[in-house]
Amino acid sequence: MKLRKVIAFLSAALLLLTLPIPGGMKNVSAAEKQDVNEDEINAIIDDMTLEEKIGQLFIVHVYGQTPTDPRYENTNLNNNRGGKNFQEVIENYHIGGLIYFNWSYNIGTPLDPEQVQSLSNGVQEIAVEQDSGIPLFISTDQEGGIVQRVTEPGTVFPGNMAIGATRSEEFAALSGNIIGKELNSLGINMNFAPTVDVNLNPANPVIGIRSFGEDPELVSKLGVSQINAYKEQNVIASAKHFPGHGDTDVDSHYGLPVIDHDLETLHEVDLKPFKEAIDAGVGSIMTGHIVVPALDDSGLPATLSKPIITDLLREELGYDGLIITDSLGMSGANVVPPDRVPVESFKAGVDILLNPPDVEVAYNGMLEAVQSGEISEERVEESVYRILRAKMENGLFEETQTSPDKLENIGTEANLQAAKDIAEKSITLVKNEDILPVQNDEKVLVTGPSVANPSLLYQLLEEKGVDGRSYATGTSPTDSQIEQAVEHAADADKIVVTTYTANTNEKQREFVEALQQTGKPVIVSAHRNPYDVMVFPEVDGYVASYSYLDVSINAVAGVLVGDINPYGKLPVTIPDLYNLGHSLDYTDTSLSGEGMKQLVDELAQQDEIADSQTTRALTTHLSAIERFEERELGDKVVKHLESFQDLIAHFHENDKITDKAYSYLETESLKLHDVWTTQE
């Protein structure tokens, strides 16, 4: 037996003696990270071949649902995966990790949890049977919102900007915990999330709602909350896209964006969330394929820039965790020949080369660079050390197999309720010219691009008693579709238009304007970026949901009919129209204990409260809050508001107040709580 196998065996035996492991992969909380033995790592590295060291630097994708899936052999070979299946790629190139996608058939839509977990267990078994015996990083992009590979029956979250609209660090942590636990249950130990780019550009085609918002302080807080949650679930987080992809109108998948911020702006805005992530101990940072002249005037993207990766991130910011490239197949990275992209990225200072388009070309390019002396083997070992350290810290050497029992963690009722709560709290009522809520006796046309889900929204409104019809168009409505929608509007009392990045889509703008010209009230519900109202500011109503996913459409339906009181605040500025933090709701009572007593009376008159005893209990509690407000005893107000929230939760659970009453009382109490917390 080779020395490295002996070391791996003894290490595993020692860990088994000192750390009892329940069935399946052990969760190691942030406070329980494994002690790393430097000598042990160096001994493993010393016994590795150069080829094995180079392999550890790569995370690649492979097509297939099983480690040796025969259905995708030609696909893998034709797409330059380095072998006909997972097993061959692992054996041929000693890779350090894999990345799962839907389009590579690793994760199905809908999710088949048993298949994904079996794939993870299978590829890990192959990896540890190799001479080096090193387990794999198994990674994916599970940000929530528009970028999530694990969908139903897993928990689908509305995304970062929706969380930003709630302003809730608790929601950020809750989403991270659930995503982390579900990924861990599938054998996925690395998540390329959260996106901590500060979205400043309304025309940003690639970040947008993937960002928490435009306030670097808010982005930092929510990003750190998610990072800490992932650590608690033993999933390596990755803050991206360094040094910040938020202020661009070019998608680095298809071009090379330039960020023209000066140094002061970069440090105060773009870099702030990364600095906070570093302080929080983030496991990895992903580079962006973006040119930042203030940091490097060479014209190279950050991924290939030594001044940005080594001088700034490593040395100035003091980051010693894993640095991972964004996908090397993206256009923004391909500014040098294919065999040089990984070499130049590595020379810039990265540790992990993610998703090269041609595995053999990338691997051989790195191997030749080391063999020629262009890159020293010592430099390779620095990155391999960080890789092995991360794998040990996160328990990958302890147990590579994930127990089938863990699949019970996926899509639980509590998880789905959490996603529902976040979506409902995120919906932002931006404009309302006395047009919302929609009434049951009104006939409504729901129309818009099919990608923005008008059919589902109408179906949900219909279930709530709203009459009318739906009509879906293409993402860029044709003249014929615009005419058809105008005809359908003839017998409608109100028009709801679902939009999808209309601020950069001329045909959607024309579509909304044509419907406005009918003279019927028009309500726009923006189902991606919240900036759409910029191009039709005269609409009668405007709602931002930050998502076209079912969980958000359900929340939008509730808001449109008034079952849900809108709570979200704009996490971005809508230029020349609405400021950061702008929001409206459906209450016309004052934000105070007295105002909330009036709200209770209104809800009672609407039969939203079960009986007079419940009404009296709520009013009595609010009277106490009112007295403390009069005496300006902020701590007492806050304490009693928190107990009021417990009270209404109890009444809601016991059917003493309706869903609508709970929504209105909870949102108003939360807003009042924020007022007094800020004063404190």
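Note that the structure is a prediction, hence the values are computed from the model and not measured. All heavy atoms count here, side chains included; hydrogens, waters and symmetry mates do not.
Residues Asp197 and Ser211 bring no donor and acceptor atom of their side chains to less than 3.5 Å of each other. Between the side chains of His527 and Thr498, no donor-acceptor pair of N or O atoms lies under 3.5 Å. Side-chain contact check for Gln226 and Ser175: at least one donor-acceptor pair (N or O, by modelled atom type) lies under 3.5 Å. The closest side-chain donor-acceptor pair between Asn554 and Lys420, if any, does not fall under 3.5 angstrom. Residues Asp421 and Gln417 bring a donor and an acceptor atom of their side chains to less than 3.5 Å of each other. Under the 3.5 Å distance criterion, with hydrogens and angles disregarded, a donor-acceptor pair is assigned to the side chains of Asn415 and Thr412. Looking only at atom types and distance, the side chain of Thr499 has a donor-acceptor partner in the side chain of Asp532 under 3.5 Å away. For the residue pair Glu232/Asn177, the side-chain donor-acceptor check at 3.5 Å is not satisfied.
Evaluation of the side-chain hydrogen bond (donor to acceptor under 3.5 Å, both in side chains) rule for Glu51 yields no partner, not counting sequence neighbours. For Asp358, the salt bridge (Lys or Arg N to Asp or Glu O under 4.0 Å) criterion is met by no residue, not counting sequence neighbours. With sequence neighbours excluded, the residues satisfying ring pair (Phe, Tyr, Trp, His ring centres under 6.0 Å) with Tyr105 are Tyr72. Here Phe274 pairs with Phe242 under the ring pair (Phe, Tyr, Trp, His ring centres under 6.0 Å) rule; sequence neighbours left out. Considering only residues two or more places apart in sequence or on other chains, His241 meets the ring pair (Phe, Tyr, Trp, His ring centres under 6.0 Å) condition with His245. Residues passing the salt bridge (Lys or Arg N to Asp or Glu O under 4.0 Å) test with Lys240 are Asp141, Glu143, sequence neighbours excluded. Residues satisfying the ring pair (Phe, Tyr, Trp, His ring centres under 6.0 Å) criterion with Phe192, sequence neighbours excluded, are absent altogether. With sequence neighbours left out, Glu88 forms a salt bridge (Lys or Arg N to Asp or Glu O under 4.0 Å) with Lys84. Annotation: salt bridge (Lys or Arg N to Asp or Glu O under 4.0 Å) contacts of Arg340 (sequence neighbours excluded): Glu344, Glu374. Residues passing the side-chain hydrogen bond (donor to acceptor under 3.5 Å, both in side chains) test with Ser552 are Ser547, sequence neighbours excluded.
With contacts defined as side-chain heavy-atom distances shorter than 4.5 Å, the pair Ile285/Leu322 does not qualify. Counting heavy atoms from C-beta on, the side chains of Met286 and Thr325 never come closer than 4.5 Å. Contact check for Gln65 versus Leu119: no side-chain heavy atoms found under the 4.5 Å cut-off. Residues Phe137 and Leu98 have side chains not in contact (no heavy-atom distance under 4.5 Å, counting atoms from C-beta outward). Using a 4.5 Å heavy-atom cutoff, the side chains of Asp550 and Asn453 are in contact. Asp339 has its side chain out of reach of Val343: every pair of non-hydrogen atoms, C-beta onward, lies at least 4.5 Å apart. The shortest side-chain heavy-atom distance between Leu367 and Leu50 falls under the 4.5 Å cut-off. Two residues are said to be in side-chain contact when any heavy atoms from C-beta on lie closer than 4.5 Å; Leu57 and Val380 meet this criterion.
Atom CG of residue Leu328 and atom NE2 of residue His289 lie 6.0 Å apart, to the nearest 0.5 angstrom. Taking OG of Ser525 as the reference point, atom CD1 of Ile427 lies at 7.0 Å (rounded to 0.5 Å). Here Ile324 contributes atom CD1 and Asp351 contributes atom CG; the two are 8.0 Å apart, rounded to the nearest 0.5 Å. The CD atom of Gln124 sits 11.5 Å away from atom CD1 of Ile134, with the distance rounded to the nearest 0.5 Å.
With hydrogens and angles ignored, the 3.5 Å screen pairs a side-chain donor or acceptor of Gln508 with a backbone N or O of Tyr500. The main-chain N or O of Asn106 is found under 3.5 Å from a side-chain atom of Gln115 such that the two form a donor-acceptor pair. Remark: the backbone N or O of Asn79 is paired with a side-chain donor or acceptor of Arg81 at under 3.5 angstrom.
A ring-ring contact (aromatic ring centres under 6.0 Å, His included) with His61 is found for exactly one of Tyr100, Trp103, Phe86, namely Trp103. With Tyr531 as the partner, the side-chain hydrogen bond (donor to acceptor under 3.5 Å, both in side chains) test is satisfied by one option alone out of Thr501, Asn199, Asn201, Asn503: Asn199.
Among residues at least two apart or in separate chains, there is no salt bridge (Lys or Arg N to Asp or Glu O under 4.0 Å) pair with a member in residues 89-114.
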Report the C-alpha separation of Ser185 and Asn409 in whole Å, then their side-chain angles, then the decisive distance to 0.1 Å, and conclude whether the side chain to side chain donor-acceptor pair (under 3.5 Å) test is met.
CA-CA 7 Å; Ser185 300; Asn409 296 326; 3.2 Å; yes
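The neighbour count for Glu413 CD, taken as heavy atoms of other residues, nucleotides or ligands under 6.0 Å away, does not exceed 12.
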Between side-chain atoms of residues 150-162 and protein atoms elsewhere (two or more places apart, or another chain), which donor-acceptor pairs fall under 3.5 Å?
{"residue": "Thr155", "atom": "OG1", "partner": "Glu182", "partner atom": "OE2", "Å": "2.6"}
{"residue": "Asn160", "atom": "ND2", "partner": "Thr195", "partner atom": "O", "Å": "3.4"}
{"residue": "Asn160", "atom": "ND2", "partner": "Arg210", "partner atom": "O", "Å": "2.9"}

